[in-house]
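Heads up, the thing below is written out as C-alpha cells.
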Amino acid sequence: MSFPILTSLVLVPAVGALAVAVASNRRPEWIKLIAVLVSVFTGALAIWTVASFETADPGFQFVSKHPWIQQWGISWHVGVDGISLFMVLLTAILFPLVILGTDPHHDHKRYLAWLLLLEAGMMGSFLSLDLFLFFVFFEIVLVPMYFLIGGWGYDDRVYAATKFFLYTMVGSAFMLVGIIATAVLASSNGVGYVTFDLVEIAEKATFAASTGRWLFFAFALAFAVKVPLFPLHTWLPDAHTQAPTGGSVILAGVMLKLGTYGLLRFGLYLFPEAARWSRPLFLTLAVIGIIYGAIAATMQKDLKRLVAYSSVAHLGFIVLGTFALTTQAITGSVMQMVNHGVSTGALFLLVGMIYERRHTRQIAELGGIQKVAPIFAAAFMVVMLSSIGVPGLNGFVGEYLILIGSFLTARWWTVVAAAGVILAALYLLWAYQRVFHGEPDEHNRTFPELRLKEAAILLPFIGIIVFTGVYPKPMLDRIEPSVKALIAHVSDKTGYEEPAIPEAPQTNEGAQP
Amino acid sequence: MSPDTFTPPAVGWFALSPLLVLLGGGLLLMVLGALLPRWPRGLYAAFTATTAGTALVMSFVLWDDITDKGASTLVGGAIAFDGFAMFATIAICASVILATLVTDDYLRREEMDGPEVYVLYLMTAIGGIVMASAHDLIVLFLGLEVLSLAMYVLAASHRRRISSQESGLKYFVLGGFSSAFFLYGVALLYGGTGSTNFDGIIAAFNGSVLTDRRDALVLAGVALMIVGLSFKIAAVPFQFWTPDVYQGAPTPVTAFLASVGKVAAFGALLRVLVTALPMWRDDWRPAIWVLAVLTVVIGSTLAVVQTNVKRMLAYSSISHAGFILVAVEAAGHTAGETDPGLGVSSALLYLLLYSVLVIGTFAVVTLVGRTGDSDTGLDGMRGLGRSHPALALGMTVLLLAQAGVPLTSGFIAKFGVLQAAIEERSYAIAIIAMVASVIAAFLYLRIMISMWVAEPEAGDDAREQIRVPFSTGLAVALSVGFTLLVGFFPDWLVEASKHATAVVTSTP
Amino acid sequence: MLDLVWLIPALPLLGFLLILVFGRRLGDPKAGYLATAMVGGAFAVTVAVFFDMLSKTAEERAHVATLFQWVPVGSLQVDLAFLADPLSITMCLFVTGIGALIHLYAVGYMHGDPRFSKFFLYLNLFVFSMLMLVLGENLLVTFLGWEGVGTCSYFLISFWHERESAATAGKKAFVTNRVGDWGVMIAMFLAFQAVGTLSYGGINAAAESGALSQTTATAIAMMLFVGACGKSAQLPLYIWLPDAMEGPTPVSALIHAATMVTAGVFLMTRVNPVLAVAAEWAPTLIAIVGVTTALFAATIAVAQTDIKKVLAYSTVSQLGFMFLAVGSGAYVAAIFHMITHAFFKALLFLGSGSVIHGMHHEQDMRRMGALRKLMPVTAITFIIGWLAIAGVPPFSGFWSKDEILLYAFDKSPILYVVGLVTALLTAYYMTRQVIMVFYGKARWHDAHDEHGAHGDFEPHESPKIMLLPLVVLAGLSIVGGAMQLPFSDRLHFLGHWLEPVVEFGEADIYGGWGYQNKYLLLGVAAVIALLGIAASVAVYGKHKAKPVEPAILENAWYYDRGISNFMGGPGRRGFTAVAWFDAHVVDGAVNGVGRLVRGSAGVVRKAQSGYVRQYASAIGVGVVLLLVWFVVIRGIL
Amino acid sequence: MTALLAALPVPTTTWYLVLAALLFTIGAVGVMVRRNPLVMFMCIELMLNAVNLSFVSLAKQLGDIGGQTTVLFVMVVAAAEVVVGLGIVVAVMRRRPNATADDLVELKG
Amino acid sequence: MDLVVFVCAAAMVLVGAVGVIVRNHPVHAALSLVLTLFGVAVLFILQEAEFLAAVQVIVYSGAIVVLFLFVIMLLGVDKAENLQIEPIPVQRPLAVVVGGGLLAMLVTAIVQARDSVPTGVGAGIDLATQTGDSDSNIKQIATDLFGDRVFAFELLSVLLIVAVIGTVVLSRKPDKVGGPQ
C-alpha cells in the first residue's frame, strides 16, 4: 500500500481548515501562515501527483478504496485519470494564490478556514469515484461558498448567496434521487448488489433506454445548474458579482467545472445512451449559451458582471465539446476547463484589484487607466487576450480543439458557436476600451500601478497562460488517453462510431526532414 | 371461567426493565421531591438523567438479548418486545437525557425549579415507549394518553407566560378531540375484527370469511386511527396545533415535544399500520402518500414566511414529519411481508437522528431566547456569531444537518428515507420531498444569516447577555458531536436500524 | 542553411522579449535601434536562406523545418513547423527588408514619444507574427501569425489610446478581422475533416491528386476568402482600414500598406491548388470582388482631403487589383504587384509621414501646398512613388499592374475595362494629392482661424534617419519592375522563381488574344495613366475645371457610416433587448418562483388563525376526507 | 299489551352504533361551535361516551368481555383528562378571567 | 320492551347532547351532560353491562360532572356565552358540513357493515343467565382486567400519576417557587 496521496489531497486542506478554525485569534499572522503552508503543501502534493502520473495509462491511477458505509454499499473510492488530473492541479494551484492574493478585510480566520474547507471539498469532488462520495463533496462545497459570499461579499450578498445555495440545491435534489435510483436499479440490472461505486456501475450495469434517460436527466439537471447552462444560469452573475474576489476566483475557476466535469464523468460515463440521445438538446443549449452569454456580457455595466456572463459563454464551449463526442472536442473541453479556470480566475483577481483601488466596478466610472497604470493594463490585456482566444495563449488551444472536434459531429452548431469568438472580442475589447483607454478623469488619475505583491500573484497565471498556449503537448498527452477510453466506453455501450478522419496524405513538399 | 381457574399472564420483568426503571425513578423522584426539602441545584436533573441513562443501558442490554433470541410479545401480548421497541426506547431515553440537560438550567432561570417537570418527563417517556412498543390498540391508546396528558401539562407549565398556557389549552382541546377520534377508530376496528390485540386483528382476517370482502367498519376505523396519530405526528391538515404549541411552550419542553413526541407518535403509527393492518396496506398507503406530500410541502412553504425561530422550527418539524411519512409510505409496500424492506428502519433511523438534532437546536434557542423566552424572534439570533462563535457554529452544524447537508446525520437520515422510497419505486414522492426540503433549507439559511451575516443594530448590546451554562452547553455539544459522528460514520447505526424490525405475527 | 529558417522569426521575437524586459531602461532611441537591428538581422538571415535556395534545384526548394508538436490530439497532428519555399522566402524578403527600413524611419518619427520603446515592442512583435504567418507550414501556424498581426495592429492603431478615435479604430480593426478569422477557422475545420491534416503540403497534395472533392474545395476556398477579405480589407469588410490611419504613420506604412494587408493575397496564393479545383464561380467571384473593391475605393480616394486617407483608400484599391489577379489565376502577378505595391505604397506613406512630421501633425491636404521647396527629398521620393503607383512606365507599378490587367483581360474583358478605369482614377487622385501637397500656393499660413494651436511655423525637412528609408524605397520603386518583365519569358524571373508553388493554379494565358497583343495593352495602360495625370493636372494644377468631389464620395458612399449607424442603432437595441430579457424574463422566472412560494405561504398561513375551534374544524375536514377515501372509495366502490 | 311489546323489533347492534355515531358527531360539532373551554371539554366527554357506547354494544355483539373492560379504561382516561384539562383551564383563567377559547389567539400565523 | 327502553334512553342521550352544545350557560350545559350520561348508563344496562352502568353513574355523573360544576363555580366563569353571534366567519357552516359528512360516513360504514360484524368471537357475556351467578359480569371483567389486560391496567396508574403531578404543576401560584411542601 503506497502513500495515499489522493486521500491526503482531500484531508490535508480539511485538517488545515480545522487547525485554522481552532487557532487563536490573537495571532492573525500565524493563522495566515498556517493557511498558506497548508495550501502550498496541497499544491505540492498535486504537482507530485501530476509528476508521477502514468502518461499513457487511460485508467484511474493512485486509486485507494476503503469501505465506508457497507450497509449501503458505499466506499471511500478515490482515483485520478487524465480528465480529473488537471482539475485537481488547477484547484491546488488556484487556492494558494487566492489565499495569498486576496484580503478579506475582516474575520481573516473564518475566511481562511472556509477557503481551506472549500479546497478539500473541491478536491474530493474531482477525485471521488463513488456516486455517494461525489454527491457528498458536490453538496458540501456549497456551504463554504455560501458563507464566503454571504460573509465577505458586497452589498447584495445575502440575496446572491441564498440564491446560489438554493438554486444549486434544487439541482442536487434531483441528482440525489438520481444517484440512489441509479444504484438501486443497477443492482437489478447487471451489478447484482447495491453499490454506489461509479466504476462498477458504469462497467457492469446496462439500463433500459428510457430508464437511463430519466436517470441521466436527474444528473444532468444538477450539472446544468452548476455549469451553468442556459437558461439555468441566472444565479451565476449575482453570485459572481457579490462574492468577494477570492470567492469569485474559486467559483469561476473551479466550482463551475464541477458541472462540466460531472457531465463528462457521470453523464457520459454512466449513461452513454442517454447522453447520445440528448445530444441535440445540449448542443443547442450550449450554443445558445455561447451567443446569448456573449451578447448579455456586452451590455453589462458592471465589470464583474461582464466577466461573469463571459463565463456563461465559455462554459457553453465546454459543454459543446463534451457532447460532440470526439477525441479532439472532449480533450479540448477538459483543457478548456483548466484554461477558463486560469484566465477567468485571473480576470476576477484583476477586477478585484480595480475594486480595491477605486471601490467601484461600474465600467462607466472607470477609464484611461492604461495611461496611469500601463503595467496593470498590460497584465489585464494578456489575460483578456487569452480569454478572447488569441493563438499563442491557452484560451485558443482549448477553444480550437473543441470547435474542430465538434465540427466533425455537430457541424452547424459549431459554425454558429465559432461566431461566438467574434462576440468575445467585441465585448471584452469594448470593455477594455472603456476602462483602460481614453484620458483618465480625476478619480482615475490617481489609479495606483500594479504592486509587486499583486504582480507576484498574477505572474503564475500569465506564465500558465503563455506556456499552455505555446506548448500544450504535456497536458494533451495526459488528457487524451482517458478521453479516448471514455469514447471507447461510449462506443461499446451504444455502438457509437467516432467519425473517421482520412489519413493525412504524404506531402509532396517537405517530404525530406 | 371462575376465579380458581384464573391464571395471570407471564410477565417478563427483565424485558420490561426500561419501563420499570423509568417508572420507579419517576415515583421516587416524585415522592422524595415532595418529602425532602429542596434538593441542591441540578440534582433533580441529575437524578432524572441517571434514571433515563439506566433505562438506556438496560435497553442496550435487551437489544443484544433480542438480536440473540429474537422478538416476542409480553404480558399476554400487550406489548411487543422487539428491535423496533428497543430502538424507540433508546431514542426516547436519549432524548430524555438531552432534554433534561437543557431543562435544568432553564428551570432555574425561569424560577420554576422542582421535580415535577422531570417526573412528567419520565412519565412521558413511559407513555412514548409504550406507544412505540404496543401490541394492543388499547395499550397503545393508554400510552398515547399518558404521553399526551403529560405534554399538555408541560406545555402549559410556564406560569409567567400566558402564551404557554394558551398553547397548553389549545394542545389539550385538540389533543382530546383527536384522541377521541382515535379511540372511536379503535372501537370500529374492534367491531370489525373482534379484538384490539394485533394478533387478534391479524388472526381475525386470516382464514376468516372477512378477508376476501371489504369491510367499511374496519376501514372507517383505520381512517379514524390514522387521524388520531396524524395529529400527534403533526401531519397536514392535522398540524395546526404544532406551531402554536411549539412557540408557546417553554423552549426545553418544545424540544422534548419535538423529539419524544415524534418518536412515540411515529412508532405508534408504524405499529398500527405496518404490524396491525398489513392487510389494508393498499388502502392506507395512498392516504399516507397524500398526507406525506401535503405535510412536507406545506410545512416547508409556511416555514419560509416565519419570523420567530421557535415557530420556524415548528414548521420545519412538520416538514420533517412529512419526510418520515415518505418512509412510512415506503414501508406500506412491504408491510406484513417477511422482508420488511427499508421503510420502517429508515423511519426509525430518521427519528433517532432528528430527535438528537432538534433537541440540540432548541437548546441553543433556549439560551438565545433569554429569560422568559422573550427573545425567540429571528433578531434574537443577530450577532451570535460574534458574541458566541462556538455556540453559533454548533447551531450552524445543527441547522445544516436539518437542511440535509452531507456529512451530517440529517443527510444520512434523508438518504435512508429516499433509498427506502426509491427501492419501492416511489420516485415522485421522493422528488417532491427533496424539492420541498430545498424550500425548507431557506429558513435554516435565514437563521444562519442572522447569526453570522446580519449587521448589528442599535440596542443589540442592551440585550440581556447570553449565558451558556454547563449542562445546556453539554447538551449542545453532545448533539453536535453525535450529528457529526453519524454524519461521518453512519454505518453502525444504519446496521442497527436494519435490525430494528417489528415483531411480525406470522401470516399463514 | 535552410534549417536556419526558424531564425527569421526568432530574431524579432528576441527583440520583443528584450524590449519587454529592458525596454524602459534602453529608452529612446536605443530601443528603436535594437528593434531595427533585430529585423535587419532577420533580413540578413532571409537573404542567406534566399541564396541557399537559389543554389538548389526547383524540387528541393521547398523545405519543412519542424520545431515541435504543437497540438497533437488523436488524428489531429499539428506541428509548429516552418515551410521555407520560394513563396514564403519572397514574402520574408520584403517583410523583413521593408520592415527594417520602416523601423529605422520610426526611430526618427517616434522620437520624443513617451511610449517610444513600447512602440518598438509592438513593432517587433508584429514582424514576428507576420513572419509566422508567411512561414507557417500549416494553416494553424499561419493562423497564429494571422491573429497575431491582427492583435498587433490593434495595439498599434490604438497606440495613442488617449484619443477616443484611435481606441475605437483599433477595436474596430480587431473585431472586423475576427469576422474574417471566423471564415479561416471554418476553412480549417473543413480541411481537417476532408483531408485529415492542416499542413499546406497535405491540403495542396490532396487538391492536386483530386482527393479533395470540388464542393469541399469550393467551401474551403470561399471560407479562406472570407478571411482574406477581412485581413486584406476587401468589400464588404474593408471598413476598418481607413480608420486604421489613426495609428502612427510608420504603422500605416508597415502594416496597412506593405505587409499585413497583403496576407489575404498570400493565403490565397498559398492554397492556389484548392482554388484551382474549386467550382468555376469561386475564382470569378474573387475577381469580381477584387475589381469592385478596386474601383469602389478609387472613387472614394478621389474626394479625400486627409493625406493618409487618400493613401489608405488607394491601398484598398490596389489590394483589389491583387485579388483581381488571384481571381484570374495570375498568382505571380498578384505577388509581383504585392511586392511593388509594398515598395511604393510604403514609400508614399513614409513620405506622407515625413510631411505630417514636417507640418507638425497636420494631415489636411487643404492646408498644405508648395512643400517641394521646403522638403525637397521628401518631395522627390514622393513623386517617384506617385509615378510608380500611377503606372507610368518604366516605374515598377506599371509592370505589375499591367500584368494583372493582362490576365484579367484573358479572364473577361469586362474585368479588364473596370481595371482600366480604376487605373485611370488611381493616376487621377494620386496626381491630385501630389499637387495639393507639393505644388500650388502655400496654404498653411491661413491656418490661424481654427488651428490657432499651430499657426505660424515653417514646415521643415525631416531628419536623415527618416529620409534614408525614403531614398531606398524610391530606388526600389523605380527598378522593382525588373523582377518580371513582360518582354520575354526569360525575363519572368519572379515567375520562374515561384513556379513550383503556383504552377498548379496558375492560369495559362499564352495563346490568348490578350497575350498575343500584349504590347498593345501595355500601350493602352500607359496612355490611360498619362490621361489620368493630365486630367488631374488640368483640374488641380491649371484650374481649368472645377474639381469633382461630391459629398457621397467624400463620405465613402456612406457605407461605413451606414454600418456604424446600424451597430449603434438596431444592433445595439437588439443587444439591450437580450440583456433585458435575461434580467427580467429568465431571472424574473427564478425570482418569480421565490415570490410564488412566499405568496402562497402568505395565503395559506391565514388558515393558522390561532382560533382553536378553527383548528378543530380543519381536523374535522381532514377526518371527513379520509373517511371518504376509506369508506366510500376503498370500501364501497 | 305484553304481546304488543314483544312484537316490537329488538334494537340490533347497528341501532346502538348509529346512535353512538350521532352522539359522537354532536360532540364533534360542539367542539367546533362552542367557545367556552369547559363546554368544549364536555363535548369531548360526549364523544368519549359515544365511543363507550359503541364498545359496549360491540362487546355484546361479539360476546367478548374485552369491550367492556376497554370502556372501564376509557372512563378512567376521561376522568384523568378532565382533571388535567380543568387544571389548565384554571391556570389560564387565573390569568385571563372569563377568557373564551376565541380570546386566546396570541399565537398564530 | 327493549325497543321502548332504547328509544327513551336514546332520546335522553340525544336531548342531553344537543343541550350541551346549545345551552348558553355552562351550568346548563353541564346538567344536560348529566342527562346524556344517564341515558348512556341505561343503554349500558340494556347491553348487559351492569357494572359499567354503575361505574358510569358513579364516576361520570358523580365525579366528573361535579368537577365541572365545581370549577365553573370556582372560576365564576358562569357567564353565559352568546351563541347567537359567531365571531369566526364560515365556522358554523363548516361545522355543519363537517358534522354532516362525519355522520354520513360513519352511518354508511356502520350500515354497510351491519351483518359483517362477527359474532361469538369471545366466550360470550350473557353468563348471568347460564351460571346463575348474578355478578358474573363483574367477575368476567375482573378476570379480563387482571388477565391479559393487566399491563393496560397498570398503565392507568401511570396515567393517574401524570394527572396528579399535572394538577400540582398547574395549580401552583405563579410566584411560588420550588416543589410542593
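Below, chains carry the letters A, B, ... as their sequence lines are ordered, and counting in each starts from 1.
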Value for CE (M93(D)) from CD (Q165(B)), rounded to nearest 0.5 Å, stands at 11.5 Å
Select one option (side chain, backbone, both, neither) describing which atoms of F24(D) are under 4.5 Å from chain B's heavy atoms. side chain
In short, L104(D) meets L169(B) closest at the heavy-atom pair CD1-CD2, 3.2 Å
Search all heavy atoms of V105(D) against all heavy atoms of K170(B) and return the closest pair with its distance. CA-NZ, 4.3 Å
Those residues that, when tested against Q61(D), pass side chain to side chain contact (heavy atoms under 4.5 Å, CB included) (two or more places apart): T13(D), V117(E), T119(E)
If you round to the nearest 0.5 Å, how far is CZ of R159(B) from CZ of R95(D)? 10.0 Å
When the 4.5 angstrom heavy-atom criterion is applied to A101(D) and chain B, the contacting part is neither
From L137(B) atom CG to T70(D) atom OG1, the distance as rounded to the nearest 0.5 Å: 9.5 Å
Contact origin within I138(B) toward chain D - heavy atom pairs under 4.5 Å: side chain
Quick one: closest heavy-atom pair of L149(B) and A80(D), and the distance? CD1-CB, 3.8 Å
Rounded to the nearest 0.5 angstrom, the CG-CG distance for L107(D) and N308(B) is 9.0 Å
At a 4.5 Å cut-off on heavy atoms, which part of Y246(B) comes close to chain D: side chain, backbone, both, or neither? neither
Value rounded to 0.5 Å, distance of CG in L48(D) from OG in S179(B): 6.5 Å
Report which part of A21(D) has an atom under 4.5 Å of a heavy atom belonging to chain B: side chain, backbone, both, or neither. both
When rounded to the nearest 0.5 angstrom, what is the spacing between CZ in R161(B) and CD in E106(D)? 8.0 Å
Side-chain contact test, heavy atoms from C-beta onward, threshold under 4.5 Å: evaluate it for F177(B) versus M40(D) and give yes or no. no
If you look only at distance, which donor and acceptor atoms sit under 3.5 Å apart when one is on a side chain in residues 181-190 of chain B and the other is two or more places apart or in another chain?
residue: Y190(B); atom: OH; partner: D64(D); partner atom: O; Å: 3.3
residue: Y190(B); atom: OH; partner: D64(D); partner atom: OD2; Å: 2.9
residue: Y190(B); atom: OH; partner: G67(D); partner atom: N; Å: 3.0

Step by step, work out the ring pair (Phe, Tyr, Trp, His ring centres under 6.0 Å) result for F41(D) and F172(B). CA-CA 9 Å; F41(D) 294 172; F172(B) 177 82; 4.7 Å; yes
